[in-house]
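Position 1 is the first residue of the sequence, and the numbers go up from there. First listed ligand is number 1; within each ligand, the first listed atom is number 1.
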Amino acid sequence: MDYDVIIIGAGAAGMMAAATAGRFGARILVLDHAKSAGDKIRISGGGRCNFTNMYAGPDNFLSQNPHFCKSALSRFGPWDFVEMVDRHGITWHEKTLGQLFCDNSAKDIIAMLLAEMKTANVALQLNTRVSNIRRHKDGFQLHANERPLTCRKLVVACGGKSIPKMGATGYGYEIAEQFDLNIIPTRAGLVPFTFQGALLEKLKSIAGLAVPSRITAGTTSFDEALLFTHRGLSGPAVLQTSSYWTEGEPISLSLLPDLDLAAELKNQRQTKGGIGMTRALSEYFPKRLATLLTEELHCSGNLADHSDVAIDALVSQLRNWAMTPSGTEGYRTAEVTLGGVDTNTLSSKTMEVKSVPGLYFIGEVVDVTGWLGGFNFQWAWASGVACGTAAASN
Ligand SMILES: Cc1cc2nc3c(=O)[nH]c(=O)nc-3n(C[C@H](O)[C@H](O)[C@H](O)COP(=O)(O)OP(=O)(O)OC[C@H]3O[C@@H](n4cnc5c(N)ncnc54)[C@H](O)[C@@H]3O)c2cc1C
């Protein structure tokens, strides 16, 4: 055998698995078709990489089997990754909601993983086309730029389909299909909503404005910022909700959910009853949004013209502004791919395929998808460590 372990994909999960397995003395080769390792890490978190979340737990992940991620996450949690980051002298900060970012640059995380791989004697081969994967006696055979290579264990860490421009291919799903593994249907997650027709024209008129909101899809809600765009809706609350949205279903917007707007307007009415509704709403919303809301809610006239009942009705509409997206921006801008290799086919302890000993799937290609906020990297690290530890042994 040329190698103990070959890993396809030098992304977050693949590099972590390689560094882990190499430390046990295994001969490891990482292959990637890209010209540099960790490209998604480099662009993540606006260039500062939201590398984990302090509060990461199984509830922050979507999967057909919500229990699957528990084992790996419990053995390699956020503070284990922070320990590695600290050891490499990378300074970091909590931005909000437990989201940890590099102070300096996402490139520091890539440099750290490459350094860990070097210490563990891992070989890395970039610009490499992988093909012809086959089972081989005691392991696997594949072609790397047409050169045949053999290994005892094969790890698939090719990521999902999101952002093809960054090298995403869906190759991991093809490998899974080749070995007859079930794939949970994939779709874009953590992605902006798009709209059409008259509603889109309205949203365009307020593009660029952001407002604290609660967005609900089905029974799941997220409280974070909402951003109006030229295509529809974006911002953290929208991205989060998109992972729970079913095509064709409406979503519900509650603007300023933490403000008792009805009480505010009633108070304002006592001293400034002569002002128009747009001006009254402008106290709480950007002017262009206040203008649109006045039209949408059909609440012309002065504030004093509105009874308590009318104000309550108006605010209740603002608490449940229903609209139906025509779709999402798709894989072109999605941060993640929902669905993937069915977790029922994998061991939750090792990420090894139950029916194909020696074959492993880790990271985003697996049907485990995190919320926005550092959870997806935490899954990449945790599944990488679980697999790297197991693949290096026996
Ligand atoms: C814009 C953006 C920002 C993000 N920000 C964050 C964030 O701040 N925090 C967070 O937790 N998550 C973030 N994510 C999600 C996160 O990047 C992914 O969940 C994570 O990178 C998945 O790790 P992975 O190793 O499974 O896949 P990837 O990191 O995608 O790595 C897969 C690797 O496989 C290689 N590959 C693919 N096909 C082939 C092939 N055919 N042959 C050889 N190699 C191949 C790719 O080149 C790539 O290097 C972001 C995603 C995007 C798109």
Side-chain angles (χ1 to χ4, degrees), residues 6-18 29-53 56 60-62 78 81 92 95 97-102 106 109-110 113 124-133 142-145 155-175 188-192 234 236 239 243 329-338 340-341 351 360-384 387-388:
I6 289 182
I7 299 172
I8 308 174
M15 288 201 281
M16 191 55 142
L29 172 66
V30 181
L31 300 171
D32 202 299
H33 68 164
K35 59 178 190 296
S36 49
D39 282 349
K40 273 202 188 155
I41 300 175
R42 188 164 39 76
I43 59 159
S44 67
R48 289 236 163 88
C49 186
N50 178 194
F51 54 77
T52 192
N53 192 297
N60 307 114
F61 294 87
L62 293 87
F81 192 76
W92 51 271
K95 196 169 169 194
L97 303 169
Q99 301 168 4
L100 306 188
F101 285 74
C102 296
I109 298 293
I110 302 174
L113 293 167
L124 171 64
Q125 190 181 316
L126 299 167
N127 291 308
T128 300
R129 183 177 170 271
V130 180
S131 60
N132 290 341
I133 296 173
L142 56 76
H143 285 179
N145 284 345
V155 178
V156 182
C158 299
K161 296 178 184 173
S162 35
I163 322 245
K165 223 170 47 187
M166 298 291 309
T169 60
Y171 187 44
Y173 309 109
E174 283 175 39
I175 301 171
L190 300 181
V191 63
S234 188
L239 301 185
S243 296
E329 291 189 6
Y331 292 122
R332 189 178 62 80
T333 63
E335 282 204 12
V336 284
T337 304
L338 291 152
V341 177
M351 307 294 137
Y360 299 77
F361 286 82
I362 54 173
E364 196 177 320
V365 71
V366 177
D367 171 36
V368 174
T369 307
W371 289 1
L372 186 79
F375 301 101
N376 284 295
F377 278 137
Q378 186 55 41
W379 169 245
W381 316 136
S383 60
C387 160

Within a strict 4.5 Å, meaning less than it, do heavy atoms of the [X] and [Y] side chains meet?
{"X": "Ile6", "Y": "Val155", "value": "no"}
{"X": "Ser131", "Y": "Leu142", "value": "no"}
{"X": "Ser162", "Y": "Glu364", "value": "yes"}

Looking only at distance, does [X] have an N or O less than 3.5 Å from an N or O of ligand 1?
{"X": "Gln378", "answer": "no"}
{"X": "Ile8", "answer": "no"}
{"X": "Val336", "answer": "no"}
{"X": "Cys49", "answer": "no"}
{"X": "Thr128", "answer": "no"}
{"X": "Gly160", "answer": "no"}

Can you list the atoms of ligand 1 that are under 4.0 Å from a heavy atom of [X]?
{"X": "Gly45", "result": "5 (N), 8 (O)"}
{"X": "Gly363", "result": "26 (O)"}
{"X": "Ala10", "result": "49 (O)"}
{"X": "Asn376", "result": "11 (O), 12 (N), 19 (O)"}
{"X": "Gly9", "result": "33 (C), 34 (O), 35 (C)"}
{"X": "Tyr171", "result": "40 (C), 41 (N)"}
{"X": "Ile163", "result": "53 (C)"}
{"X": "Phe375", "result": "11 (O)"}

Can a donor-acceptor pair be found, under 3.5 Å and without considering hydrogens, that links the side chain of [X] to the backbone of [Y]?
{"X": "Asn53", "Y": "Leu97", "value": "yes"}
{"X": "Trp92", "Y": "Phe101", "value": "no"}
{"X": "Thr337", "Y": "Ala188", "value": "no"}
{"X": "Asn145", "Y": "Arg129", "value": "yes"}
{"X": "Trp381", "Y": "Asn376", "value": "no"}
{"X": "Tyr171", "Y": "Val156", "value": "no"}
{"X": "His33", "Y": "Gly167", "value": "yes"}

Nearest non-hydrogen protein atom, [atom]:
{"atom": "atom 27 (O) of ligand 1", "answer": "Gly159 CA, 3.3 Å"}
{"atom": "atom 31 (O) of ligand 1", "answer": "Gly11 CA, 3.3 Å"}
{"atom": "atom 9 (N) of ligand 1", "answer": "Asn50 O, 2.9 Å"}
{"atom": "atom 5 (N) of ligand 1", "answer": "Ser44 CB, 3.3 Å"}
{"atom": "atom 13 (C) of ligand 1", "answer": "Phe377 CE1, 3.8 Å"}
{"atom": "atom 15 (C) of ligand 1", "answer": "Glu335 O, 3.6 Å"}
{"atom": "atom 44 (N) of ligand 1", "answer": "His33 N, 3.3 Å"}
{"atom": "atom 49 (O) of ligand 1", "answer": "Asp32 OD2, 2.6 Å"}

Rounded distance [0.5 Å steps], CD in Gln378 versus CZ in Phe61: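 It comes to 7.0 Å.
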How long is the gap from CZ on Arg48 to CD1 on Ile43, to the nearest 0.5 Å?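 It comes to 16.0 Å.
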Ser36 to Arg42 - nearest heavy-atom pair and separation: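 That closest heavy-atom pairing would be OG-NH2, 4.4 Å.
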For Ala334 versus Ile163, what's the shortest heavy-atom pair and its separation?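 Distance-wise, the nearest heavy atoms are O-CG1, 3.5 Å.
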Best match, Gly340, Gly47, Ala157, Ser36: closest heavy atom to atom 32 (C) of ligand 1: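 Among Gly340, Gly47, Ala157, Ser36, the closest heavy atom to atom 32 (C) of ligand 1 comes from Ala157.
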Option nearest atom 1 (C) of ligand 1 (shortest heavy-atom distance, choices Ile43, Leu31, Leu372):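 Among Ile43, Leu31, Leu372, the closest heavy atom to atom 1 (C) of ligand 1 belongs to Ile43.
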Quick one: does Ser162 get a heavy atom under 4.0 Å from ligand 1?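 Under 4.0 Å: no for Ser162.
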Would you say the side-chain atoms of Gln99 and Thr52 include a donor-acceptor pair closer than 3.5 Å?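 Side-chain D/A pair, Gln99 to Thr52: absent.
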